[in-house]
Each structure stands twice: as structure tokens, then as C-alpha cells.
Amino acid sequence: MRKVKVISYGVGAVGSMTAKFLLEKEGIDIVGAVDVDENKVGKDLGEVLGVEKKLGIKVSDDLDAVLSETDADIAVHTTSSYLRDTYPQIASIVKHGVNVVSTCEELSYPYVSEPELAKKLDALAKKHDVTVLGTGINPGFLMDTLVIMLTAPCQRIEKIEAVRVMDAATRRVPFQKKIGAGLTVEEFQQKIGKKQITGHVGLEQSIAMIAGALAWKLDNILIEHVEPIVAEKPVESKDIKVKTGQAAGLGQKAKGIMKGKEVIVLDFQAYIGAEDEYDAITIKGIPSIKQKIQPCVHGDIGTVAMVVNSIPKVINAPSGLLTMKDLPVPSAAVESMAKYISA
Ligand SMILES: NC(=O)c1ccc[n+]([C@@H]2O[C@H](COP(=O)([O-])OP(=O)(O)OC[C@H]3O[C@@H](n4cnc5c(N)ncnc54)[C@H](OP(=O)(O)O)[C@@H]3O)[C@@H](O)[C@H]2O)c1
């Protein structure tokens with residue numbers, strides 16, 4: 001059985017965790033690594049990942065050279081959130097006839113925010129006979145794919161709600177900073193104004209993916225303002241202390257409206273000190289369904305798993321730009337990766 005050849009494109013936080021997991025997996029060979037960070041370029045991937053041995057793969061900032069030299073099956077792409085930024089990167093990979101699985105949030109369902117780029121990318125992927133997928137834990141699973149799967153036994157659906165509450169104290173420090181933990185409410189609002197705090201990217205994509213799966217024609221999708229979640233008592237993580245009255249993190253809601261009614265409501269909350277961490281989905285319909293995962297699924301672990309577990313499904317899928325709702329039922333790929341690949 002042949003091994004799956006993977007290029008690691010983006011060796012930041014998520015890309016590094018993914019590469020480390022790929023190194024542990026049977027049936028996978030990392031054949032190239034790409035990043036623009038000057039602290040990483042030219043170094044051995046093993047050193048960048050902080051693993052003990054050298055891997056004999058230099059991190060390069062020359063994507064075309066890496067693609068030309070490696071004959072990869074798939075690139076794991078983890079550079080940024082917006083398709084306008086990632087389109088040229090993904091298009092280059094596709095032009096080399098290499099499949100893509102990416103954590104770019106907008107790519108998870110790009111037809112809402114970037115319909116033209118989505119169309120172009122789909123045509124390009126078909127022309128080069130490869131598959132492109134955007135996935136992750138959220139968007140990619142908890143507030144869309146899982147919701148869609150839970151609608152399968154329903155005869156009627158009136159309304160869907162999905163809530164994710166996470167204690168940011170258990171997450172990476174850059175994440176805690178990204179959600180404004182430890183800022184005064186005024187500082188928080190200023191950072192919102194300067195777009196230094198952007199809220200959760202992906203709510204719009206998740207709502208559109210659910211609506212797409214249910215063939216619901218929404219009037220519109222409302223993305224509400226990002227709000228600080230204010231600490232009612234002092235709370236802290238290992239690195240950040242939050243005083244009473246300061247922002248412990250953020251909350252954001254988004255709503256899918258159909259015929260004037262809220263039919264899909266997503267509620268994302270991430271803050272230091274959340275006592276009850278959960279992912280909850282409520283479907284009001286026939287039958288009504290309630291599902292609660294406690295504690296909430298760990299975002300980093302889940303994202304890495306979603307990306308890696310999607311690799312065989314992406315390689316085996318028809319060509320084009322696909323979303324999670326187009327692939328077979330998602331599942332873990334716990335055996336040697338080679339077992340899941342047909343050729
Ligand atoms: N869907 C989901 O559930 C999910 C979950 C987690 C993360 N994400 C998304 O995945 C992306 C990666 O997350 P992260 O935390 O790993 O971010 P990160 O730590 O900033 O890592 C991104 C890495 O890619 C590099 N990079 C940026 N532009 C590049 C380019 N044009 N070519 C090559 N490398 C480039 C960055 O270098 P510089 O630092 O020099 O720019 C950095 O090393 C983010 O957009 C994040 O929001 C999605």
C-alpha cells in the first residue's frame with residue numbers, strides 16, 4: 001500500500017500541531033513544508049515543530065518549487081481565514097494537480113462571502129482534477145456538519161440553535177488575547193473598532209452551509225456585533241488575570257432569517273472562567289432533538305483531527321470545490337492512512 005504524500009503549507013500554531021500529528025500517523029509522508037515567516041524559512045521542519053529529530057525537510061517560502069519537486073497528493077493549508085488572501089495560495093496548489101484541505105474559515109462555505117472566487121476555484125479544481133475542502137472544528141463541524149447530521153431523522157424543522165461555550169483559560173495564549181481577555185471594556189471596544197478583535201470567523205459560513213443542506217432559501221444572514229463577556233468576579237488563566245468588570249472574552253451571535261423568522265441561531269462564547277463548557281444543538285421540529293457535548297470539544301485538537309481525518313475523503317472525492325456537506329459522513333481515520341486510499 002502506498003503512503004499519502006502531504007505538503008504542510010503554513011507551519012504556524014495549527015499547521016505545526018497538524019504536522020506533528022501527521023508525523024505520528026502511519027501511511028503518511030510529509031514531503032514538503034511552506035511558510036513565509038522568516039523565523040522558520042530555511043530551517044529543518046523538525047526544528048520548527050520542536051520535535052527531537054531532523055526531518056530532512058527544509059521550510060521553504062517558495063511554494064511553486066516545493067510543489068514541483070515533491071509530487072504530493074495533498075496540501076494541508078493553514079495560513080489565514082479569508083479567501084481573498086488564500087485564493088492565490090490555493091490556486092497555485094491546484095494548478096500543480098495537488099488536492100487541498102484547508103482551515104481557511106471562509107473556504108468552509110465560500111458561496112456566501114466570495115461567490116465569484118468560489119466559482120473560479122471550483123472550475124480550476126475540476127480542470128486540474130483535484131478536490132479542495134475547507135474544514136476545521138468550527139466552521140467545519142460543530143456548528144454546521146454536526147447540525148446537518150442531526151437534522152437527518154427529522155420530518156419537519158422549525159428552528160435550529162447551536163451554542164458553543166468554551167473556557168478560554170484552557171486555550172493557547174494568542175487565542176486568549178484574540179478574544180480580548182483582560183482588557184477593559186473600553187479597550188475591548190477600541191480593538192473592535194480597529195478590527196484587532198474580529199470575533200469568530202465562520203458563523204455566516206456555518207449558517208449558509210446548514211441552509212444549503214436543508215434547501216432553505218434564507219432572506220438574509222445577520223451577524224451580530226461582537227460583545228465583551230464581562231467578568232462578574234476575578235478570573236484567570238495561567239497567563240492572564242481578569243479583574244471584575246473587565247472583558248473575560250467575547251460572545252457573538254448570528255442568525256439565519258427565512259420568511260421574516262429566525263430559523264437558524266448560532267451563539268459563540270469564549271471567555272476565561274466559563275464554568276460550564278459545552279456544545280449544544282437544539283432542533284425544534286418533528287421530532288425535536290437536543291444534543292449537548294460536555295465539555296465542549298477542544299478546538300485545536302478537533303481542528304487538527306478534522307483536517308487529517310478529511311485527507312482520505314478529499315483524495316477519494318470527485319474533483320471540484322467541495323464543502324463538508326458534500327463529502328461522505330465524516331469519521332476518524334484511525335488506521336494507517338494508506339488503508340483509506342483506493343489507488
Ligand atoms: N476552521 C476552524 O475550525 C479553524 C480552527 C483553527 C484555526 N483556523 C484558522 O486557520 C488559520 C491558521 O491558524 P493558526 O492559529 O495556525 O494561525 P498562525 O499561527 O498565524 O499561522 C499561520 C502561519 O501561516 C503563515 N503564512 C501566512 N501567510 C502565508 C503565505 N502566504 N504563505 C505561507 N505561509 C503563510 C504565517 O506566517 P506569518 O506569521 O509570518 O504571517 C504563520 O506561520 C487561521 O486563519 C485560523 O483562523 C480555523
Side-chain angles (χ1 to χ4, degrees), residues 77-91 94 100-126 131-151 157 159-164 192 195 197-226 250-268 281 283 299 303 306-307 310 314 317 320-327 330:
H77 172 269
T78 59
T79 63
S80 47
S81 304
Y82 301 99
L83 189 55
R84 209 145 273 281
D85 301 329
T86 57
Y87 181 87
Q89 306 163 11
I90 294 170
V94 167
V100 181
V101 57
S102 170
T103 57
C104 171
E105 283 92 337
E106 278 193 345
L107 187 67
S108 66
Y109 205 79
Y111 313 104
V112 262
S113 51
E114 298 289 357
E116 288 308 314
L117 288 182
K119 226 162 92 184
K120 247 170 87 178
L121 193 53
D122 182 51
L124 194 68
K126 284 184 174 136
T131 308
V132 176
L133 174 76
T135 193
I137 198 67
N138 189 31
F141 188 66
L142 291 169
M143 286 184 153
D144 39 54
T145 311
L146 183 59
V147 175
I148 291 167
M149 286 167 68
L150 285 176
T151 66
I157 296 173
K159 185 172 180 179
I160 295 171
E161 280 180 283
V163 185
R164 175 159 172 78
I192 293 271
K195 293 197 164 46
I197 294 178
T198 53
H200 180 68
V201 187
L203 295 174
E204 187 182 18
Q205 285 69 28
S206 292
I207 289 180
M209 196 194 304
I210 297 168
L214 298 177
W216 278 359
K217 199 159 171 15
L218 299 179
D219 309 338
N220 58 329
I221 297 174
L222 295 175
I223 308 294
E224 294 191 350
H225 289 298
V226 180
L250 59 78
Q252 188 174 24
K253 277 190 184 173
K255 296 172 177 173
I257 312 292
M258 187 167 67
K259 295 184 185 145
K261 284 191 184 154
E262 291 175 8
V263 289
I264 304 171
V265 177
L266 304 186
D267 180 354
F268 176 87
I281 296 169
I283 300 172
T303 296
M306 287 300 298
V307 167
S310 298
V314 168
L321 167 61
L322 301 186
T323 70
M324 285 301 292
K325 81 173 178 57
D326 309 314
L327 283 182

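One is the number of the first residue; the rest follow in order along the sequence.
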Measure the [atom1]-[atom2] distance between [X] and [Y] for me, rounded to the nearest 0.5 Å.
{"X": "T79", "Y": "D85", "atom1": "OG1", "atom2": "CG", "answer": "8.0 Å"}
{"X": "L250", "Y": "H225", "atom1": "CG", "atom2": "NE2", "answer": "14.0 Å"}
{"X": "F268", "Y": "Q252", "atom1": "CZ", "atom2": "CD", "answer": "8.5 Å"}
{"X": "Q89", "Y": "L83", "atom1": "CD", "atom2": "CG", "answer": "10.0 Å"}
{"X": "D326", "Y": "L133", "atom1": "CG", "atom2": "CG", "answer": "8.5 Å"}
{"X": "S108", "Y": "N138", "atom1": "OG", "atom2": "CG", "answer": "9.0 Å"}

Quick one: side chains of residues 203-212, donor-acceptor pairs under 3.5 Å with protein atoms, not counting sequence neighbours, listed by atom name and distance.
residue: Q205; atom: NE2; partner: S113; partner atom: OG; Å: 3.3
residue: S206; atom: OG; partner: D144; partner atom: OD2; Å: 2.6
residue: S206; atom: OG; partner: G202; partner atom: O; Å: 3.2

> Can you check whether Y111 reaches L321 side chain to side chain, under 4.5 Å on heavy atoms?
Replying inline: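 With C-beta onward as the side chain, the pair touches.
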> Can you find a pair of side-chain heavy atoms, one from T103 and one from H77, that are under 4.5 Å apart?
Replying inline: no
Would you say [X]'s side chain and [Y]'s backbone share a donor-acceptor pair under 3.5 angstrom?
{"X": "T145", "Y": "G140", "value": "yes"}
{"X": "D122", "Y": "K119", "value": "no"}
{"X": "S80", "Y": "Y82", "value": "no"}
{"X": "H200", "Y": "G251", "value": "no"}
{"X": "T151", "Y": "I148", "value": "yes"}

Where do [X] and [Y] come nearest, in terms of heavy atoms and distance?
{"X": "M306", "Y": "G136", "answer": "CG-O, 3.3 Å"}
{"X": "K126", "Y": "G320", "answer": "CG-CA, 3.8 Å"}
{"X": "L218", "Y": "G256", "answer": "CD1-CA, 4.1 Å"}
{"X": "A162", "Y": "M143", "answer": "O-CE, 3.6 Å"}
{"X": "P139", "Y": "V201", "answer": "CD-O, 3.6 Å"}
{"X": "V112", "Y": "I221", "answer": "CG1-CD1, 4.1 Å"}

>> For a side-chain contact (heavy atoms from CB on, under 4.5 Å) check, start with the C-alpha distance between T135 and V307, then their side-chain angles and the critical distance, and finish with the verdict.
In response: CA-CA 6 Å; T135 193; V307 167; 4.3 Å; yes
> For Y87, which residues count as a ring pair (Phe, Tyr, Trp, His ring centres under 6.0 Å) partner, sequence neighbours excluded?
Replying inline: none
> Is there any side chain to side chain donor-acceptor pair (under 3.5 Å) pair reaching into residues 211-224, and which pairs are they, with sequence neighbours excluded?
Replying inline: E224-K255
>> Determine whether T86 and L107 satisfy the following criterion, side-chain contact (heavy atoms from CB on, under 4.5 Å), listing intermediate values before the conclusion.
In response: CA-CA 9 Å; T86 57; L107 187 67; 5.6 Å; no
>> Is there a side-chain contact (heavy atoms from CB on, under 4.5 Å) between L117 and R84? Walk through the geometry before answering.
In response: CA-CA 8 Å; L117 288 182; R84 209 145 273 281; 4.2 Å; yes
> Under the side-chain contact (heavy atoms from CB on, under 4.5 Å) criterion, do L214 and I160 qualify, and how do the steps go?
Replying inline: CA-CA 11 Å; L214 298 177; I160 295 171; 3.8 Å; yes
